Novice: 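Structure incoming, see below.
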Amino acid sequence: MSSVRTPEGAAPAAVPPAPVRSGFAARAWRTVRSSRPAAIGLAIVAVHAVVALLAPLLTPYHPTVGDASHALLGPGADHWAGTDAYGRDVLARVLYGGRYALGVSVAGTVLTVALGTVLGCAAALRGGWLDDVLMRVLDAVLSIPSILALLVIVTALGTGPAVIVLAVAVVYVPQVVRVVRGAALAVVPADYVTAARARGERTWSILRREVLPNITDVVCVEFAMRASWVVLLISSLSFLGFGADPPTPDWGLMVSENRTAITVVPMASLAPILALATLVVGLNLAADGLSKAWGVDRIREGF
């Protein structure tokens with residue numbers, strides 16, 4: 001501990017240490033612990049992730065291999081959720097289906113939020129003609145219904161996971177840009193941004209060091225909220241036949257395949273619906289909990 005000089009005979013006065021600012025990760029952990037909805041939502045999502053990763057250890061059945069002699073069986077000791085029309089174990093397909101749902105959804109959400117954050121911050125920082133042109137182009141994209149735009153893209157380019165991730169980014173980036181731009185516009189007039197500009201720092205440096213750290217809350221809430229919509233959109237594509245190709249274990253595809261036999265083996269359709277619903281509920285709880293705890297007003301931010 002450092003000290004300062006004092007008159008002879010007087011005890012040295014201790015200089016108080018500089019306050020230590022906790023990082024974003026520590027603050028996020030405190031928020032999760034103090035917000036019950038956020039904690040419950042993240043716990044549900046974590047359970048889905050763990051179950052998807054441990055799927056080979058949780059079921060002895062292969063998700064795409066069936067036995068015609070055991071088709072359309074109800075729940076029992078051998079098949080806890082029954083079998084589908086091809087004799088495939090429903091529980092195994094639900095467990096493995098979480099891998100596709102989480103993998104493609106996370107990839108699509110990461111690309112969407114990352115690209116939308118960069119464009120939104122750039123538009124807020126540069127302003128002028130760049131902001132006007134970018135927002136008018138995004139307004140034109142937003143005028144197209146999401147599911148219609150998605151169907152056009154996958155019809156033209158195919159139905160592979162990479163195409164679906166790209167299509168999700170095209171559909172949702174404009175909405176993320178509007179939200180992030182609204183948050184960044186509140187930061188751009190700050191003194192530290194003005195000082196960085198006066199020092200001659202480049203736009204990317206100002207964005208990374210001055211703007212992004214001050215809108216991280218908004219970006220995290222937007223990620224959680226956008227992820228729930230991406231999960232639903234990808235499942236809707238699979239249900240319509242434009243998503244995962246059979247026999248890929250996918251929740252939307254499972255509902256589509258088994259809906260005609262719902263009166264015979266209802267669990268073949270209900271199990272993937274329940275899995276999808278719980279994942280979406282978990283993501284929404286996490287987004288709402290974090291939003292309220294951090295005071296992020298999504299309407300005010302431009303959504």
Side-chain angles (χ1 to χ4, degrees), residues 44-110 150-151 153-155 157-168 227-228 230-283:
I44 294 174
V45 175
V47 168
H48 272 280
V50 171
V51 168
L53 291 174
L54 299 181
L57 303 178
L58 299 177
T59 176
Y61 299 103
H62 195 277
T64 61
V65 177
D67 183 356
S69 62
H70 290 80
L72 299 177
L73 295 179
D78 294 332
H79 302 280
W80 290 3
T83 60
D84 62 10
Y86 300 97
R88 298 173 299 197
D89 185 76
V90 171
L91 181 60
R93 288 183 62 77
V94 171
L95 297 180
Y96 279 89
R99 291 185 164 189
Y100 184 88
L102 288 171
V104 177
S105 299
V106 169
T109 306
V110 168
L150 215 57
L151 289 175
I153 294 173
V154 298
T155 300
L157 301 180
T159 58
V163 175
I164 294 176
V165 169
L166 176 62
V168 166
S228 65
V230 171
V231 170
L232 284 175
L233 192 60
I234 291 176
S235 297
S236 299
L237 271 182
S238 297
F239 179 81
L240 295 173
F242 292 89
D245 296 322
T248 303
D250 175 76
W251 296 335
L253 180 61
M254 289 180 65
V255 177
S256 177
E257 290 176 339
N258 298 296
R259 69 185 189 279
T260 56
I262 193 170
T263 57
V264 181
V265 281
M267 283 302 297
S269 296
L270 292 178
I273 290 174
L274 291 174
L276 177 61
T278 54
L279 178 58
V280 173
V281 168
L283 289 169

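Excluded from the calculations below are hydrogen atoms, water molecules and symmetry mates; all remaining heavy atoms, backbone and side chain alike, are included. Since this is a predicted model, take the numbers as computed values, not measurements.
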Novice: How close do Ala261 and Leu72 get, counting heavy atoms only, and between which atoms?
Specialist: CB-CD2, 4.3 Å

Novice: With no hydrogens and no angle check, is any side-chain donor or acceptor of Arg99 less than 3.5 Å from a backbone partner on Tyr96?
Specialist: no

Novice: Looking at every heavy atom in both Ala92 and Pro63, which two are closest together, and how far apart are they?
Specialist: O-CB, 4.1 Å

Novice: Taking all atoms of both residues into account, what is the closest heavy-atom pair of Ala85 and Asn258, and its distance?
Specialist: N-OD1, 4.2 Å

Novice: Measure the spacing between CG of Leu237 and CG of Leu253 and express it to the nearest 0.5 Å.
Specialist: 12.0 Å

Novice: Throw together a table of side-chain donor-acceptor distances under 3.5 angstrom for residues 52-61, partners on residues two or more places apart or in other chains.
Specialist:
{"from": "Thr59", "atom 1": "OG1", "to": "Tyr61", "atom 2": "N", "distance (Å)": "3.3"}
{"from": "Tyr61", "atom 1": "OH", "to": "Asp78", "atom 2": "O", "distance (Å)": "2.9"}

Novice: Under 4.5 Å between any side-chain heavy atoms of Thr83 and Val265, yes or no?
Specialist: no

Novice: Once side-chain contact (heavy atoms from CB on, under 4.5 Å) is applied, do any residues pair with Val106, and if so which ones, sequence neighbours excluded?
Specialist: Val110

Novice: Flag the pair Arg93 / Glu257 as yes when at least one side-chain heavy-atom distance between them is below 4.5 Å, and no otherwise.
Specialist: yes

Novice: Under 4.5 Å between any side-chain heavy atoms of Ile44 and Leu283, yes or no?
Specialist: no

Novice: Atom CE of Met267 and atom CD1 of Ile273: how far apart are they, to the nearest 0.5 Å?
Specialist: 10.0 Å

Novice: Mind listing the closest non-hydrogen atom pair of Val255 and Pro272 along with its distance?
Specialist: CG2-CG, 3.8 Å

Novice: Measure the shortest side-chain to side-chain distance between Leu102 and Leu279 over non-hydrogen atoms and say whether it is less than 4.5 angstrom.
Specialist: yes

Novice: Which distance, rounded to the nearest 0.5 Å, do you find between the OG of Ser228 and the CG of Leu233?
Specialist: 11.0 Å

Novice: To the closest 0.5 Å, what do you measure between CZ (Phe239) and CG (Asp250)?
Specialist: 12.0 Å

Novice: Is there a side-chain contact between Tyr100 and Ile234 (heavy atoms, below 4.5 Å)?
Specialist: yes

Novice: Report yes if some heavy atom in the side chain of Val90 is under 4.5 Å from a heavy atom in the side chain of Met254; otherwise report no.
Specialist: yes

Novice: So, do Leu276 and Leu232 sit near enough that their side-chain heavy atoms are less than 4.5 Å apart?
Specialist: yes

Novice: Taking all atoms of both residues into account, what is the closest heavy-atom pair of Ala244 and Ser238, and its distance?
Specialist: N-OG, 3.3 Å

Novice: Taking only residues two or more places apart in sequence, or in another chain, which ones meet Thr260 in a side chain to side chain donor-acceptor pair (under 3.5 Å)?
Specialist: none

Novice: Tell me, do Arg88 and Pro249 make a side-chain contact under 4.5 Å, heavy atoms counted?
Specialist: no

Novice: When rounded to the nearest 0.5 angstrom, what distance separates CG in Asp84 from CG in Leu73?
Specialist: 10.0 Å

Novice: Looking only at heavy atoms, what is the nearest atom pair of Val94 and Ala271, with distance?
Specialist: CG2-CB, 3.8 Å

Novice: Between Thr248 (side chain only) and Asp245 (backbone N and O only), is there a donor and an acceptor less than 3.5 Å apart?
Specialist: yes

